[in-house]
Amino acid sequence: YNVAEQNVTIMQFPRDTYVTVGDYYYHKINGLYNYCIAEVRDEGSSDPEKDGCVRMAEYLEKNLAVTIHYSAVMDLDGFESIVDAIGGVDMYVPQDMYYTDPGQNLYINLQEGYQHLDGNKAEQFVRYRSGYVTGDIGRGNAQKLFISAFISSLTKSLANADASMITNLAGNVINYVRTDMTVADVVYLGKC
């Protein structure tokens, strides 16, 4: 988030992207967070999820030659709950999406068209990748569509929010998002 220019930049990485984690060691980015949790846990961290996220940001800074000021991580339960807390997301689903994987407890069944996605359907949308010709790259492109629709829905929800909606959203963020940002940082950036 660029405060001066009031814009957000989001970068996505294909899951099989390799990053350097040591002088002679490479790791796929889709497993880097778990690697970082194990690393900080071995070092005695009292909050491995948060400290692992910070460590991952450090590896990304090194590999991308960029500065990352803050980091945050959210699990899938948080994703569903936060989408539900803002009242869902309205968006166009660009194709029929069907996939089942009982091993992951993943069941996707969405039809093409404009619709309202609750947290469960939103998770189905962002996790779907088997039907894209470009596989994970196609999923990344679909996730960009979702992020745009989510921001639009969030903005509308906050503009019309009552105290209970804001309390519910804040509770979900507190319960499911681990970050190195302070409350003061969040308030400052929220006002920008």
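- Between Tyr176 and Asp75, some side-chain heavy-atom pair lies under the 4.5 Å cut-off.
- Atoms NZ and CG, from Lys62 and Leu64 in turn, are 12.0 Å apart once rounded to the nearest 0.5 Å.
- Atoms NE2 and OG1, on His69 and Thr67 in that order, are 5.5 Å from each other to the nearest 0.5 Å.
- Side-chain contact between Val19 and Tyr35 is absent, with no heavy-atom pair separated by less than 4.5 Å.
- Tyr33 is linked by a side chain to side chain contact (heavy atoms under 4.5 Å, CB included) to Ile37, Glu49, Cys53, Met56, Val73, counting only residues two or more places apart in sequence or in another chain.
- Of all the heavy atoms in Pro14 and Ile137, the pair that sits closest is CG-CD1, 3.6 Å.
- Gly140 and Gln12 get closest at one heavy-atom pair: O-OE1, 3.0 Å.
- Residue Asn141 holds its CG atom at 12.0 Å from CZ of Arg139, rounded to the nearest 0.5 Å.
- Put simply, the side chain of Asp136 does not reach to within 4.5 Å of the side chain of Asn30, judged on heavy atoms.
- There is a side-chain donor-acceptor pair under 3.5 Å between Thr182 and Asp185.
- Residues passing the side chain to side chain contact (heavy atoms under 4.5 Å, CB included) test with Tyr98, sequence neighbours excluded: Thr100, Asn109.
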Go through the steps for Phe150 and Phe125 under the test ring-ring contact (aromatic ring centres under 6.0 Å, His included), then give the verdict. CA-CA 12 Å; Phe150 176 84; Phe125 182 81; over 10 Å; no
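- Looking at Ser157, its side chain does come within 3.5 Å of a backbone N or O of Ile86 through a donor-acceptor pair.
- By the side chain to side chain contact (heavy atoms under 4.5 Å, CB included) test, Ser152 is found to be paired with Lys156, residues two or more places apart in sequence or in another chain being considered.
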Between Leu154 and Leu169, does a side chain to side chain contact (heavy atoms under 4.5 Å, CB included) hold up when you go through it step by step? CA-CA 10 Å; Leu154 175 64; Leu169 179 59; 4.0 Å; yes
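- Residue Met181 is grouped with residue Ile10 when hydrophobic side chains (ILVMFWY) are merged at heavy-atom distances under 4.5 angstrom, including chains of intermediate members.
- At a threshold of 4.5 Å between non-hydrogen side-chain atoms, the residues Tyr132 and Met97 count as touching.
- We find the CD-CG distance between Glu80 and Asn172 to be 11.0 Å, quoted to the nearest 0.5 Å.
- Placement of Ile151 and Tyr70 within a single hydrophobic cluster is found when ILVMFWY residues are connected by side-chain heavy-atom separations under 4.5 Å, directly or transitively.
- Counting heavy atoms from C-beta outward, Tyr18 and His27 have side chains that stay 4.5 Å or more apart.
- In this structure Tyr59 satisfies the ring pair (Phe, Tyr, Trp, His ring centres under 6.0 Å) test with no other residue, sequence neighbours excluded.
- Hydrophobic cluster of Val133: no remaining members, since no ILVMFWY side chain lies below 4.5 Å from it.
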Passes salt bridge (Lys or Arg N to Asp or Glu O under 4.0 Å), Lys121 versus Asp118? Steps please. CA-CA 5 Å; Lys121 289 181 180 178; Asp118 64 9; 5.7 Å; no
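- A 6.0 Å sphere centred on OH of Tyr92 holds more than 12 heavy atoms belonging to other residues, nucleotides or ligands.
- Each of Leu32 and Val54 belongs to its own hydrophobic cluster when Ile, Leu, Val, Met, Phe, Trp and Tyr are linked at side-chain heavy-atom distances under 4.5 angstrom.
- Between the CG atom in Leu106 and the CD atom in Gln124 there is a gap of 8.0 Å [rounded to 0.5 Å].
- Within the 4.5 Å cutoff, no side-chain heavy atoms of Val21 are placed close to those of Glu39.
- Closest of all the heavy-atom pairs between Asp180 and Ser71 is OD1-N, 2.7 Å.
- Every residue two or more places apart in sequence or in another chain was checked for a side chain to side chain contact (heavy atoms under 4.5 Å, CB included) with Ser148, and none qualifies.
- The heavy-atom pair separating Val83 from Ala122 by the smallest distance is CG1-CB, 4.0 Å.
- Contact check for Thr9 versus Met11: no side-chain heavy atoms found under the 4.5 Å cut-off.
- Side-chain contact check for Ile29 versus Leu60: some heavy-atom pair is nearer than 4.5 Å.
- Under the 4.5 Å side-chain heavy-atom criterion for Ile, Leu, Val, Met, Phe, Trp and Tyr, Val40 and Val177 are members of distinct hydrophobic clusters.
- Atom CD of residue Glu112 and atom CG of residue Asp96 lie 6.0 Å apart, to the nearest 0.5 angstrom.
- Taking each heavy atom of Leu76 and Glu123 in turn, the nearest pair found is CD1-OE2, 3.6 Å.
- Of all heavy-atom pairs spanning Gly119 and Asp84, the tightest one is N-OD1, 2.6 Å.
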